[in-house]
Amino acid sequence: MIRFLYGTMPGRAILRLLIRPTVSRKVGKFLDSEFSRCLVPLFIKKHHIDMKDYEDRIYASFNDFFTRKRCAERIDITPKHLISPCDGYLSVYPVAENLTYRIKHVEYSLERLVNSRDLAEQFAGGTCLIFRLTPQDYHRYCYVCDGIRTESGAIGGCLHCVRPAAYTSVPVFVENSREYIVLSTPAFGTVVQMEIGALLVGKIHNLRSNSRVFQGQEKGYFEFGGSTILVLVKKDRLKLSEDVAKQTGNGKEMRICFGETVGLFPGMEK
């Protein structure tokens, strides 16, 4: 289906309708209603979800189920470690000195991504971490490190799919609706953590918090859809863990879990 939508002329015509926020809002209303509860057992069966890991309760709607909480999390809280904010697939890209990074055939501009030239310039030569959540993943997410929130923003847009077939053919990450915060951190300097919505809902809910936030603290959740979290780290501030560096070479994706170590401050022994 994704190849049809993004790779054919008829598909792209349909896609222009599907990516409109108005379409996602209508789908969202249904998924928030009690009538959508019938989808829950079908979804659990299709994706082989072990419900023993989650709160034992009755769900009022499909979105109520989709944003469910786990009973417990394993989180690396080691100081000067950067962790995965979610379950999903991680890919890592270097940011060029001209403030771009390339994913196969698509070049992304940091200035367009964060909607600020001044902010983008801080990450020249740095690292872009992309965490892609699939619909069957746990859709709550946390802060990647300790820090103080210095800036936040929301950027409107459409809602493309975030599967590789889409983001390697069109610049979805700079066209989709997104929200971000800028953190001043003791280990990594300035860090940007950005949530990006996706095709058919992918609605972002960020929780209120104090200015000071902590590694592993819940940040928010996505409603139905495969969504993305993007993290920017400045040049020479992050050393990827050996496993991550090996598995994400040449733009490959690796499976990663909520709270798992992604990297650390250079020079610090793991």
Checklist line | Set of side-chain hydrogen bond (donor to acceptor under 3.5 Å, both in side chains) partners for Arg149, sequence neighbours left out | finding: Ser209

Item checked: Which residues share a salt bridge (charged side-chain N to carboxylate O under 4.0 Å, His left out) with Arg57, sequence neighbours left out -> Glu55, Asp64

Check: Who passes ring-ring contact (aromatic ring centres under 6.0 Å, His included) against Tyr141, sequence neighbours left out?
Finding: Phe222

Notebook entry, point to check: Would a line drawn from the ring center of Phe131 to the ring center of Tyr89 be shorter than 6.0 Å?
Noted result: no

Item checked: Ring-face cation of Arg70 near Tyr138 (centre distance under 6.0 Å, axis angle within 45°) -> yes

Check: What pairs with Asp53 under side-chain hydrogen bond (donor to acceptor under 3.5 Å, both in side chains), at least two apart in sequence or on another chain?
Finding: none

Note to self: With no hydrogens and no angle check, just 3.5 Å: does a side-chain donor-acceptor pair link Asp76 and Thr78?
What the structure shows: yes

Check: Listed by chain and number, what are the side-chain contact (heavy atoms from CB on, under 4.5 Å) partners of Ala96, not counting sequence neighbours?
Finding: Asn98, Thr100

Item checked: ILVMFWY cluster, Ile77 and Ile83 together (side-chain gap under 4.5 Å) -> yes

Note to self: Using the side-chain hydrogen bond (donor to acceptor under 3.5 Å, both in side chains) criterion, which residues pair with Gln215? Sequence neighbours excluded.
What the structure shows: none

Checklist line | Rounded distance [0.5 Å steps], CG in Leu183 versus OG1 in Thr150 | finding: 7.0 Å

Notebook entry, point to check: Does Val95 have any side-chain contact (heavy atoms from CB on, under 4.5 Å) partners at least two apart in sequence or in another chain, and if so, which?
Noted result: Leu110, Cys128

Checklist line | Pairwise distance CZ(Phe214) to OH(Tyr143) - rounded to 0.5 angstrom | finding: 11.0 Å

Check: Considering residues at least two apart in sequence or located in another chain, which fulfil the salt bridge (charged side-chain N to carboxylate O under 4.0 Å, His left out) criterion with Lys235?
Finding: Glu97

Item checked: Non-neighbouring partners of Asp32 that pass salt bridge (charged side-chain N to carboxylate O under 4.0 Å, His left out), sequence neighbours left out -> none

Notebook entry, point to check: So, Arg178 and Glu195, do they make that salt bridge, N to O below 4.0 Å?
Noted result: no

Margin query: To the nearest 0.5 Å, what is the distance between CD1 on Ile44 and CG on Leu39?
Written below: 11.0 Å

Check: Rounded to the nearest 0.5 Å, how far apart are CG of Asp87 and CG of Leu133?
Finding: 7.5 Å

Check: Charged N to carboxylate O under 4.0 angstrom, Asp137 versus Arg255?
Finding: yes

Next item on the list: May I ask whether Ile155 and Ile130 are part of the same hydrophobic cluster, defined by side-chain heavy atoms of I, L, V, M, F, W, Y residues being less than 4.5 angstrom apart, directly or through others?
Entry: yes

Next item on the list: Could you tell me which residues satisfy side-chain hydrogen bond (donor to acceptor under 3.5 Å, both in side chains) with His47, sequence neighbours excluded, listed by chain and number?
Entry: none

Notebook entry, point to check: Apart from Leu207 itself, what residues make up its hydrophobic cluster, given side-chain heavy atom links below 4.5 Å?
Noted result: Tyr221

Checklist line | salt bridge (charged side-chain N to carboxylate O under 4.0 Å, His left out) involving Glu121 - partner list, sequence neighbours excluded | finding: Arg117

